[in-house]
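What follows is a single structure, written as structure tokens, with notes after it.
In the text below, chain A, chain B and the rest are named by the order of the sequence lines, each starting its count at 1. All values below were derived from every heavy atom in this structure, side-chain atoms included, with hydrogens, water molecules and symmetry-related copies excluded.
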Amino acid sequence: MKKAAATTGYGAAIRDGFEHLLANHSEVFTIGQGLWSPWYVGNSMTDLDSQFGRERVIDTPVSELGCTGAALGAALCGYRPVVIHPRVDFMLLAVDQIVTQAAKWRSMFGGQVSAPITIRAIINRGGEQGAQHSQSLQSWFAHIPGLRVVMPSTPTDARDLLIASVLSDDPVLYLDDRWLYGLEEKLPPIQERNLADEGPRLTRTGPDLTMVGCSYSAHLCREAAARLSANGIECDVIDLRVLNPLDATLIISSVKKTGRLLAVDGDWRSCGMAAEVIASIAEALDPRVMRAAPRRVTLPDAPAPTSNPLERSYYPTVDYIVQRGLALVGAQQETFE
Amino acid sequence: MKKAAATTGYGAAIRDGFEHLLANHSEVFTIGQGLWSPWYVGNSMTDLDSQFGRERVIDTPVSELGCTGAALGAALCGYRPVVIHPRVDFMLLAVDQIVTQAAKWRSMFGGQVSAPITIRAIINRGGEQGAQHSQSLQSWFAHIPGLRVVMPSTPTDARDLLIASVLSDDPVLYLDDRWLYGLEEKLPPIQERNLADEGPRLTRTGPDLTMVGCSYSAHLCREAAARLSANGIECDVIDLRVLNPLDATLIISSVKKTGRLLAVDGDWRSCGMAAEVIASIAEALDPRVMRAAPRRVTLPDAPAPTSNPLERSYYPTVDYIVQRGLALVGAQQETFE
Amino acid sequence: MASLDALIQRNAGSLGTLADAEHYHEPVMIDADDTEALLAGLQRMILIRVVEEKIGDMVSQGVVKCPCHLAIGQEAPAVGVASYVRQGDRVFGAHRSHSHFLALGGSPHGLLAEVQGKDTGVSRGMGGSMHLIDIPNGLYGTVPIVGATIPIAVGAGLAAKMDGNGAMAVSFFGDGATEEGVFHESMNLAALMKIPVLFVCENNFFSSHLHIALRQPDASVCRYAEAHRIEWARADGNDLAAVRAVTREAVAAIRAGDGPRFLELVTYRWRGHVGHREDEDVGVKRKDDLAVWKLRDPISRLAVALEDIGALNRQQLKQFWTEAHVVVEEAWATATHDGYPPAKALLSRVYSGTMANKQ
Amino acid sequence: MASLDALIQRNAGSLGTLADAEHYHEPVMIDADDTEALLAGLQRMILIRVVEEKIGDMVSQGVVKCPCHLAIGQEAPAVGVASYVRQGDRVFGAHRSHSHFLALGGSPHGLLAEVQGKDTGVSRGMGGSMHLIDIPNGLYGTVPIVGATIPIAVGAGLAAKMDGNGAMAVSFFGDGATEEGVFHESMNLAALMKIPVLFVCENNFFSSHLHIALRQPDASVCRYAEAHRIEWARADGNDLAAVRAVTREAVAAIRAGDGPRFLELVTYRWRGHVGHREDEDVGVKRKDDLAVWKLRDPISRLAVALEDIGALNRQQLKQFWTEAHVVVEEAWATATHDGYPPAKALLSRVYSGTMANKQ
Ligand SMILES: Cc1ncc(C[n+]2csc(CCOP(=O)(O)OP(=O)(O)O)c2C)c(N)n1
Ligand SMILES: Cc1ncc(C[n+]2csc(CCOP(=O)(O)OP(=O)(O)O)c2C)c(N)n1
Ligand SMILES: [Mg+2]
Ligand SMILES: [Mg+2]
């Protein structure tokens with residue numbers, strides 16, 4: 001992306017969000033690995049430690065489970081911690097505290113406690129990093145009642161949804177993707193929104209095809225839609241933004257209109273977010289409105305490789321999505337591996 | 001269930017499987033919490049320790065991650081360990097070793113190593129145990145390439161799929177459900193099968209409706225199908241058996257015939273196994289073959305409660321499935337919460 | 001199993017006689033402590049004992065259905081530590097926490113309603129025995145995932161440190177929990193950040209059916225505090241005065257800003273791991289040991305000591321027990337007539353949907 | 001940051017002078033060790049140094065793209081421990097394991113092909129720098145999830161114990177890995193079951209950008225072995241003879257059936273946490289320290305010692321370096337011309353689909 005004047009990148013926008021939170025909400029603090037490092041979390045938290053002090057921007061030992069539990073404990077006691085995991089893969093060591101603790105404490109204790117903890121993890125893949133440094137797994141967390149899951153695809157959302165996540169009284173998993181850090185846009189003034197009111201958004205409209213994605217996949221869908229438009233195919237593009245709890249209304253009304261659905265997700269296929277999108281509309285719509293069978297574009301059923309040629313074929317691309325879109329509108333009944 | 005002579009229960013059948021493995025395969029051993037306890041894993045491993053020695057039936061400290069990693073290590077060195085987690089909820093502490101290690105080592109090292117580890121976890125819910133002692137989460141693990149996921153719904157499968165899992169050269173997650181321990185049947189002689197050849201099975205046929213489930217849900221589907229039959233509605237019932245990698249062929253051909261699908265799963269809804277079943281047929285079939293929109297029956301979007309009346313309304317029942325089946329065949333377009 | 005006996009002996013390690021059921025049957029030494037506090041503590045231990053026995057009976061009758069882990073025999077650690085917990089402190093427990101709840105002043109009715117799944121329960125019928133909360137009394141949560149509340153307590157301590165008001169967090173857990181890696185991660189974090197948290201390990205030698213000799217190379221867990229450079233103390237967990245003494249010192253240091261402290265309180269449970277039976281699912285040797293361990297009863301040993309100095313007489317003691325029974329029976333009766341949570345509670349308590357007020 | 005200096009001083013704990021860059025610049029003491037073995041070790045350390053520098057250069061030129069964590073300056077622990085690894089033993093490493101791979105006899109070509117993602121790489125191009133395997137030489141796997149291979153190594157040790165053939169497992173990890181709970185779970189399991197596993201902690205003071213003083217209350221990690229009742233030894237990790245001495249004793253005990261042993265080898269990395277730069281993403285103080293630490297060079301300190309006793313002359317030493325460069329340049333050249341994995345490798349290597357043969 002070219003950098004136009006007065007625009008802000010995705011990573012810098014996240015930093016703006018943190019700056020706003022730390023400056024305006026004394027109960028907010030951040031804790032996680034790499035917060036005192038110049039590179040660990042990209043440019044998304046640069047110098048926050050010197051700006052707000054190392055008591056509120058806390059770097060930690062290599063103890064994902066313990067640090068996440070500690071953040072939850074502080075959240076139960078009046079604070080709004082953001083626990084940062086520089087990679088989703090590392091966060092998996094903290095699954096118990098996220099899924100069996102944070103997501104359940106409110107209901108388990110009869111609604112008497114809130115756990116306003118935000119777990120921020122970064123999807124950091126590609127660059128020949130391989131199988132253990134590439135997972136996104138949003139589908140896992142979108143499966144858990146009690147846990148709100150947020151995935152911004154634009155700098156503005158990266159900033160404002162971070163703020164909404166941290167100000168929410170519910171536990172929130174906020175996932176940002178390093179592949180979006182290059183995106184730039186002019187940011188509107190900050191608005192503190194109630195996350196409970198946020199949901200999927202229509203970012204482009206057209207009668208021929210509905211494309212749904214989140215985070216980097218939403219970005220790919222937007223790019224693909226532009227390319228398809230050049231081919232005379234106009235698409236509705238829906239950016240999920242909030243994956244759980246999912247409000248499918250917009251997707252349903254869109255597919256009711258287009259009769260065609262392409263669900264794109266940068267996670268695996270089986271029991272994935274793309275499956276949820278398809279199942280949601282399949283249940284909600286009279287099958288006769290469908291002009292073609294819906295399709296998924298996801299990762300292949302394999303761990304991430306390192307070797308460059310394999311890596312290039314592993315991740316969904318704009319080209320591939322465009323192909324799938326054309327095929328769908330052509331409505332050939334093709335199957336892909 | 002009444003106990004007819006010469007029949008074996010689901011729990012005892014699992015024990016038969018272990019007995020066969022330990023008696024015939026010297027490289028098999030079992031390790032996990034409660035293996036020296038008279039009650040921890042129900043009757044599924046009773047006295048195996050005295051029969052085969054505590055060197056091959058190892059009880060452990062409360063260290064899920066460490067013990068799972070140790071089992072993986074032994075699997076890389078010529079053994080076929082079965083690591084046992086008495087509850088899925090406890091196993092979540094071991095997610096890194098299951099998902100980021102065991103499932104990936106083969107592909108990550110270019111196919112040069114096999115990790116013939118079986119992770120056996122027990123779904124143990126109900127009985128007012130509450131949110132942290134009720135999870136099943138098969139949808140999570142069915143999402144992971146490299147990990148085979150097995151869920152038997154009958155005593156015979158409980159025994160023979162356990163044997164196939166342990167003899168498979170791939171990592172396998174084997175989930176059994178305490179609610180099935182009451183099931184009894186007459187067991188055929190043991191057959192050592194190749195897990196790679198096992199998959200979904202049609203356990204009842206009928207032209208009106210396809211019902212798909214796994215484990216306890218498959219059992220509920222069979223019961224519901226019998227009841228529906230009394231109402232003149234004949235169903236195909238498909239027991240998934242092997243959730244990952246999923247072979248959807250049977251489901252597709254069945255729905256092609258019936259035009260109606262009810263996907264039942266005892267896990268949560270969003271990004272769940274029921275969503276995968278619906279997405280698989282939606283992608284594969286011409287929408288026009290559907291005589292009604294497919295439907296899911298899953299847990300509600302909430303952690304498990306304890307209070308008895310809430311607990312009774314929380315889990316899918318035969319009655320509820322029957323209702324849904326009738327509605328589907330009546331093809332009313334109703335929505336359920 | 002002579003070999004196991006031998007193993008257990010070898011394994012006793014630094015616990016010495018504390019690991020031997022034959023010792024500490026005599027009345028506890030109380031001269032160094034405050035009589036009033038000890039009398040109050042005795043009453044509280046009696047209340048816990050009576051509540052637990054009532055729950056045990058109701059479990060055995062099948063009236064209470066949720067899994068209950070009874071603390072009968074382990075009343076002293078809860079009561080002794082609780083006597084130094086003050087307004088603003090936050091306490092966390094685990095699966096065996098009826099004692100912690102009651103020691104902090106929790107209402108017997110709230111507990112007895114909760115184990116029946118009633119809307120009037122402390123967790124509004126959503127948690128049962130294993131998920132208790134009582135924020136007004138400082139109990140911030142007890143959960144059955146072993147070790148899970150340890151880092152959470154460290155986080156509560158971090159919050160207290162940030163608040164800078166001299167409050168502390170308390171983490172109650174058992175010897176089995178020290179086998180969870182998160183216990184070590186939490187200890188390191190607390191030591192590194194000098195977090196005001198009191199780690200209290202109730203070492204009762206068992207993790208469900210397994211004796212610690214079959215789970216760890218040494219029966220004493222203070223070695224972990226040593227490793228993480230956290231000052232520790234060990235005491236007879238069935239001696240209220242001893243528990244109060246080590247707690248007093250540890251809490252003073254914590255409130256003075258010295259960072260975390262660790263207590264190992266050696267005790268024994270009289271019932272099975274879960275449920276009402278005495279010898280259910282227990283490790284070998286336990287059956288024979290239990291009778292001897294009961295002679296290390298925290299209640300009678302304190303009562304006799306108080307009688308010996310004339311601070312208590314048979315009459316008053318009998319009175320304590322009667323009062324406890326009256327309270328408990330009344331609470332139980334009320335709870336049985338209370339209602340269950342409404343159907344909508346299932347979905348209405350999952351999310352708050354609210355957000356912070358602007359500042 | 002005087003305060004951090006002070007903190008680091010206080011934190012040095014039992015490491016004493018080993019934590020101080022000013023010490024141990026002199027030639028190592030070798031009289032107690034075998035000269036042939038030391039000469040071989042020297043050559044191996046030189047090979048590692050040259051390979052790592054080559055990889056560093058290729059990273060800086062953007063030719064190698066996968067993340068590489070270089071072990072320059074840390075050659076001695078790998079080479080010293082590997083010299084007591086024999087056929088049948090199983091060794092596991094982590095993200096900084098080029099040194100372990102080469103020390104065990106791994107082929108430079110296999111490594112240089114792997115970091116280029118070639119099908120001829122040791123992991124057939126599927127793993128890159130952070131996922132190395134070389135079963136013929138006993139390297140059973142290195143992975144970048146910190147701490148992940150520690151329990152896996154314990155399981156390999158359990159397998160060795162079951163095989164009863166006197167083999168052992170070796171787990172290489174860093175000081176940062178001791179902060180993962182699974183490290184403690186693994187130590188307890190190994191101690192409890194007397195598993196033949198050698199835990200080797202290369203304590204280089206850093207976990208990426210953070211000095212251990214900012215992560216743990218004491219810079220020495222032997223206290224953890226103490227807690228888990230595992231016998232331990234500590235040595236200057238930049239002194240090959242010292243590393244060999246503590247390894248020799250530990251391995252003898254392990255093979256004799258004594259159970260696990262723990263080694264803390266104090267060392268320092270010369271490059272950034274990841275990549276080729278010297279001062280990238282490093283903690284404060286590091287820039288100034290590095291120059292002094294380089295005087296504790298494991299290679300030159302050994303070379304000079306061997307020269308002093310006349311076991312080595314300048315000529316031969318120069319020869320060692322030249323040979324290493326030749327080997328490495330040839331290996332690199334071949335690797336660059338090797339092919340990439342076939343497209344089908346992506347899906348064909350996920351499952352085996354096979355099963356055990358009936359017995
Ligand atoms: C993570 C996890 N693993 C296993 C269990 C099963 N479990 C419940 S209580 C318990 C024993 C814990 O022993 P200890 O911590 O000593 O507490 P005690 O029962 O002696 O009070 C175990 C293993 C669990 N609840 N959570
Ligand atoms: C579970 C996990 N958490 C965090 C990381 C990020 N990380 C990679 S290497 C590293 C430092 C580990 O330090 P140490 O164990 O001392 O090894 P060293 O780099 O010093 O060789 C960290 C934190 C990771 N790879 N895995
Ligand atoms: Mg215990
Ligand atoms: Mg290090």
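- For chain C, the option among A:L72, A:L167, A:L93, A:D170 with the highest count of heavy-atom pairs below 4.5 Å is A:D170.
- Of the two parts of C:I150, neither the backbone nor the side chain holds a non-hydrogen atom closer than 4.5 Å to a non-hydrogen atom of chain A.
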List the steps and the verdict of side-chain contact (heavy atoms from CB on, under 4.5 Å) for A:L76 and C:R90.
CA-CA 10 Å; A:L76 297 170; C:R90 278 112 174 191; over 6 Å; no

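- Nearest heavy-atom pair, C:Y140 versus A:W105, reported as atom, atom and distance to 0.1 Å: O-CZ3, 3.3 Å.
- With a 4.5 angstrom heavy-atom cutoff, C:N188 touches chain A only via side-chain atoms.
- Side chain of A:D169 to backbone of C:G353: no donor-acceptor contact under 3.5 angstrom is found.
- Contact annotation for C:M162: both backbone and side-chain heavy atoms come within less than 4.5 Å of a heavy atom of chain A.
- With a 4.5 angstrom heavy-atom cutoff, A:L147 touches chain C only via backbone atoms.
- The closest side-chain heavy-atom distance from A:L195 to C:M355 is not below 4.5 Å.
- In this structure, C:M126 CE and A:Q112 CD are separated by 11.0 Å, a value rounded to the nearest 0.5 Å.
- Within the 4.5 Å cutoff, the side chain of A:L65 has no heavy atoms near those of the C:P151 side chain.
- Neither the backbone nor the side chain of C:S171 comes within contact range of chain A; no heavy atom of the residue lies under 4.5 Å from a heavy atom of that chain.
- The residue among C:I195, C:V154, C:D163, C:D119 with the most heavy atom pairs within less than 4.5 Å of chain A is C:D163.
- With a 4.5 Å cut-off on side-chain heavy atoms, C:I133 and A:M108 do not count as touching.
- Ring pair C:H131/A:F109 is perpendicular by interplanar angle, where above 60° counts as perpendicular and below 30° as parallel.
- Put simply, CG on C:L189 and SG on A:C67 are 5.0 Å apart, with the number rounded to the nearest 0.5 Å.
- Residue A:P171: no heavy atom, backbone or side chain, is found under 4.5 Å from chain C.
- Proximity to chain C (any heavy atom under 4.5 Å) is restricted, for A:Q97, to the side chain, taken from C-beta onward.
- For C:L132, the part lying near chain A is the backbone, with the side chain staying farther off; criterion is any non-hydrogen pair under 4.5 Å.
- Contact of A:T100 with chain C is made through the side chain alone, with heavy-atom distances under 4.5 Å.
- For a residue to count as touching a neighbouring chain, one of its non-hydrogen atoms must lie under 4.5 Å from one of that chain's; by this rule C:A148 touches chain A with backbone and side chain alike.
- Residue contact with chain A, scored on non-hydrogen atoms closer than 4.5 Å, involves the backbone and the side chain of C:V350 alike.
- Judged by the 6.0 Å and 45° rule, A:R148 forms a cation-pi pair with C:Y351.
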Yes or no on side-chain contact (heavy atoms from CB on, under 4.5 Å) for C:L158 and A:Y79, after CA distance, side-chain angles and deciding distance?
CA-CA 10 Å; C:L158 177 59; A:Y79 287 84; over 6 Å; no

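- Proximity to chain A is absent for every atom of C:F183, based on heavy atoms less than 4.5 angstrom apart.
- For the pair C:A356 and A:E27, the tightest heavy-atom approach, listed with the atom from each and the gap, is CB-OE2, 4.3 Å.
- Among C:G181, C:G141, C:G121, the residue making the largest number of heavy-atom pairs under 4.5 Å with chain A is C:G141.
- In C:E231, the CD atom is not crowded: 12 or fewer heavy atoms of neighbouring residues, nucleotides or ligands sit closer than 6.0 Å.
- Note on C:G127, C:A159, C:A156, C:S352: by heavy-atom pairs under 4.5 Å with chain A, the leading option is C:S352.
- Interface residue A:D96: only side-chain heavy atoms are found under 4.5 Å from chain C.
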